[in-house]
Participant: 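Take a look at this one; I'll ask things after.
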Amino acid sequence: MHEIRCETLPDVDLSTVRGIEGKDVIAAQYAPYVADESKMAGDGADYLFFPASEAELAAVMKAMAAKGLTVTISGARTGLVGGAVPFGGAVVSLDRLNRPLDIRHDDEAKEWRVVSEPSVTLTELGDWIKKKAFPGLKERASQPTLDSLEIFRGDGKVYFYPPDPTEMSAFLGGTVATNASGALSYKYGATRDWVRRVRVMLATGEILDVPRGRYHASAEGTFVVVHGDGNRSEIKLPSYAPPPTKKNTAGIYVAPGMDLIDLFIGSEGIFGPLTEIEVAITEWHGTISVIQFLPDDEAALDFVLALREGLGADDTLRPEFVEFYDGNALNLLRNKQRENPKALDMPPIPEDAGAAIFFDVKFDPTAKAGDLDYTLLKNVVEKCGSTFANSWACYERRDYARFKHFRHTLPETVNSVIGLRKKQHPSLHKLGTDLAVPDEHLKEIWHFYREKLDTTGLEWVAFGHIGDNHFHVNIMPRDPDDLAKGLAIYKEFAQKAVALGGTVSAEHGIGKMKKKFLSVMFSEQQLDEMKAVKRALDPNAMINPGNILDM
């Protein structure tokens, strides 16, 4: 079926919706709502609303449409590409849409699913699932939900929601809107793989309820939306194919016969805000985390290829994730340890380490020593010029938290370096790549990055999701000249990644800051086809203006 009907909500008087009017008042008293983690400078907002229900949100949408004003959707504002930064119009915060709604088992798919409003953080969602406690659900749930909750609590298993972006304070809705991923996407895929249903509000204030598997594009690549007044909007999908990478958040998702739900996942909210989300969860099992130190970057790449290829047949040794630290990154962290030995909450980084790989493999702490055979892994480590003795490992949850802190300390340190330099040169900012390529080009893209950077004299570090061929190369300019060099080389990196079949944005989206790189990946015709999809669902380009596309 490629035709979907809109749902009309009850009318609500806008005066009953919490709102603030006046650009100066909002800037002075509600400044966080007109900014995000990109630190991009916007133009503020004339209105700020806090709807507490779908009906209240619909009232805001209708009122702003009547005024001819744009609407910027505000979630947790953890994004790095300016998606939540307004340039006038209204900001609509979804903060108050933050309740769990349902827990149920899908017998056909053989999986548990959680239904929630969009503004729960990933940390909150993880706690609900782990503790099997959903605040307020008992008081408002139907009997089938209460029965499901009782079964869920009593099955003796531990569950989790696999998508794990670095920023766990992100809202679930924002992660769906950007198809966020993270380290565990290596094994479990990105957010798209775990979303089973969404409710999306259009600029008209109408709702589309989109379960996975019900609505598919026609043979001609079209969907039809039927509005409450009988009018029909035809959506014609763009003609391009997605890149053959494991991760991609560049532009509008397209695939032959695609499911309508996938149009909204990763769309960065340009078609409308998500008001309800259903996600699948899976059973948790024990792991052992390892940070393996290696002689240099080349040895690290060889080790990753061995993890992906040589150990793949052994499920016990198949990694949950594979993360990379280059030699420059380790040097930056070493210096931090020398300044403050307690800063990383870890032992000293070995002086002979020229790179490191952080990975997880299955581990049963109740197993007998003789049942655990890591000989194959040991042999690969030694073949790559290192030993198990030159590594850190843990399996207890409290130690795993220390390992994650170590991982997060690196981007935080880069940001603090840039922050200090901005005091002397206010125009400076970090340049962080978000490019990914297909598996077969891992070494080629790394060598290209390294050779280009080593000839520029720029200061840089690299880290990130090497299992998905997704490096974050962070260039740290010392002055405006460095910034200009960095911007030029970033474009070269993007062109090379696309030439290898890759993407200009693997997990952070496009927002307002990376639109210029879409033209590296897409032709003018393809960009126009994206704009046609936007116009079909949002004819006046009212929602999240400036994100992804300039209309």
Side-chain angles (χ1 to χ4, degrees), residues 33-38 40 42 45 48-51 54 57-58 60-61 64-65 69-87 89-98 116-120 165 167 170-180 190-192 195 198-208 210 225 235 249-253 260-277 505 507-515 518 530-531 533-551:
Y33 290 93
V34 292
D36 66 13
E37 285 300 312
S38 71
M40 182 181 189
L48 172 61
F49 294 100
F50 296 89
E54 284 184 339
L57 178 58
V60 173
M61 289 293 190
M64 295 303 100
L69 295 178
T70 59
V71 171
T72 299
I73 305 302
S74 174
R77 302 175 300 282
T78 57
L80 299 174
V81 292
V85 178
F87 285 78
V91 166
V92 176
S93 167
L94 302 183
D95 282 3
R96 300 175 72 189
L97 297 175
N98 61 355
S116 170
E117 290 180 323
S119 297
V120 301
E167 185 50 77
F171 285 166
L172 175 63
T175 65
V176 175
T178 55
N179 190 32
T191 296
R192 185 184 308 281
V195 180
V198 297
R199 284 171 67 83
V200 186
M201 181 164 290
L202 302 181
T204 57
E206 298 170 300
I207 285 282
L208 294 180
V210 192
V225 174
I235 303 165
T249 60
I252 294 171
Y253 181 86
L260 178 59
I261 195 172
D262 288 319
L263 182 66
F264 300 105
I265 299 168
S267 68
E268 302 187 44
I270 66 171
F271 305 129
L274 304 175
T275 61
E276 189 174 307
I277 300 159
S505 182
E507 67 181 4
H508 292 154
I510 296 297
K512 298 178 179 71
M513 296 182 71
K514 294 199 291 187
K515 287 181 289 188
L518 279 183
M530 287 190 217
K531 292 176 183 178
V533 178
K534 167 72 169 171
R535 281 192 292 269
L537 288 167
D538 182 12
N540 297 316
M542 170 182 156
I543 301 173
N544 281 347
N547 286 359
I548 304 180
L549 301 165
D550 286 321
M551 301 295 291

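Index from 1, following the sequence.
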Participant: May I ask you to decide if Ala180's main-chain N or O and Thr191's side chain share a donor-acceptor pair within less than 3.5 Å?
Facilitator: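 Yes: the side chain of Thr191 pairs with the backbone of Ala180.
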Participant: What heavy-atom pair brings Leu274 and Ala177 nearest, and what distance separates the two atoms?
Facilitator: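 Minimum heavy-atom separation between Leu274 and Ala177: CD1-N, 4.1 Å.
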Participant: Looking at Leu202 and Phe271, what are the two nearest heavy atoms and their distance?
Facilitator: CD2-O, 3.8 Å
Participant: Working to the nearest 0.5 angstrom, can you tell me the gap between Ile265 CD1 and Thr249 OG1?
Facilitator: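 OG1 of Thr249 is found 13.5 Å from CD1 of Ile265.
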Participant: Return yes if some donor-acceptor pair links the side-chain N/O of Arg535 with the main-chain N/O of Val533 below 3.5 Å, else return no.
Facilitator: no
Participant: List the atom of Gly272, the atom of Ile543, and the distance in Å for their closest heavy-atom pair.
Facilitator: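 Closest approach of Gly272 to Ile543, heavy atoms only: CA-CD1, 3.7 Å.
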Participant: With the side chain counted from C-beta on, respond yes when Leu260 and Val210 share a heavy-atom pair under 4.5 Å apart, and no when they do not.
Facilitator: yes
Participant: So which heavy atom on Ala170 is nearest to which on Thr175, and how close?
Facilitator: CB-CG2, 3.9 Å
Participant: Does a side-chain heavy-atom distance below 4.5 Å link Val81 with Thr178?
Facilitator: no
Participant: Report the distance from atom CZ of Arg96 to atom CD of Glu117, rounding to the nearest 0.5 Å.
Facilitator: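 One gets 11.0 Å once the value is rounded to the nearest 0.5 Å.
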Participant: Is a side-chain N or O of Asn540 found less than 3.5 angstrom from the main chain of Met542, in a donor-acceptor match?
Facilitator: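 No: the side chain of Asn540 does not pair with the backbone of Met542.
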Participant: Can you measure from CG (Leu94) to CG (Leu172) and round to the nearest 0.5 angstrom?
Facilitator: 12.0 Å
Participant: Between Asn98 and Ser119, is there a donor-acceptor pair closer than 3.5 Å when you use the side chain of the first and the backbone of the second?
Facilitator: no
Participant: Tell me the closest heavy-atom pair linking Ala76 and Phe171, and the distance in Å.
Facilitator: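 Of all heavy-atom pairs spanning Ala76 and Phe171, the closest is N-CD1, 3.2 Å.
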Participant: Can you measure from CD1 (Ile548) to CD1 (Ile510) and round to the nearest 0.5 angstrom?
Facilitator: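 Rounded to the nearest 0.5 Å, the CD1-CD1 separation comes to 7.0 Å.
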Participant: Any donor and acceptor pair, going by atom type alone, linking the side chain of Lys512 with main-chain N or O of Val85 inside 3.5 Å?
Facilitator: yes
Participant: Where the side chain of Lys514 meets the backbone of Gly509, is there a donor-acceptor pair that is under 3.5 Å apart?
Facilitator: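 Pair found, side chain donor or acceptor close to backbone of Gly509.
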Participant: Indicate yes or no for a side-chain donor-acceptor contact from Arg199 to the backbone of Ile207 under 3.5 Å, with no hydrogens or angles considered.
Facilitator: no
Participant: Any donor-acceptor pair under 3.5 Å linking the side-chain atoms of Tyr253 with those of Asn179?
Facilitator: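 Absent: no donor and acceptor within the cut-off.
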Participant: Once you round to the nearest 0.5 Å, how far does CD1 of Ile270 lie from CZ of Phe264?
Facilitator: 10.5 Å
Participant: Scan Ile73, Leu48, Thr72 and name whichever one has a side-chain contact (heavy atoms from CB on, under 4.5 Å) with Val92.
Facilitator: Ile73
Participant: About how many Å separate NZ of Lys515 and OG of Ser505, when rounded to the nearest 0.5 Å?
Facilitator: 14.0 Å
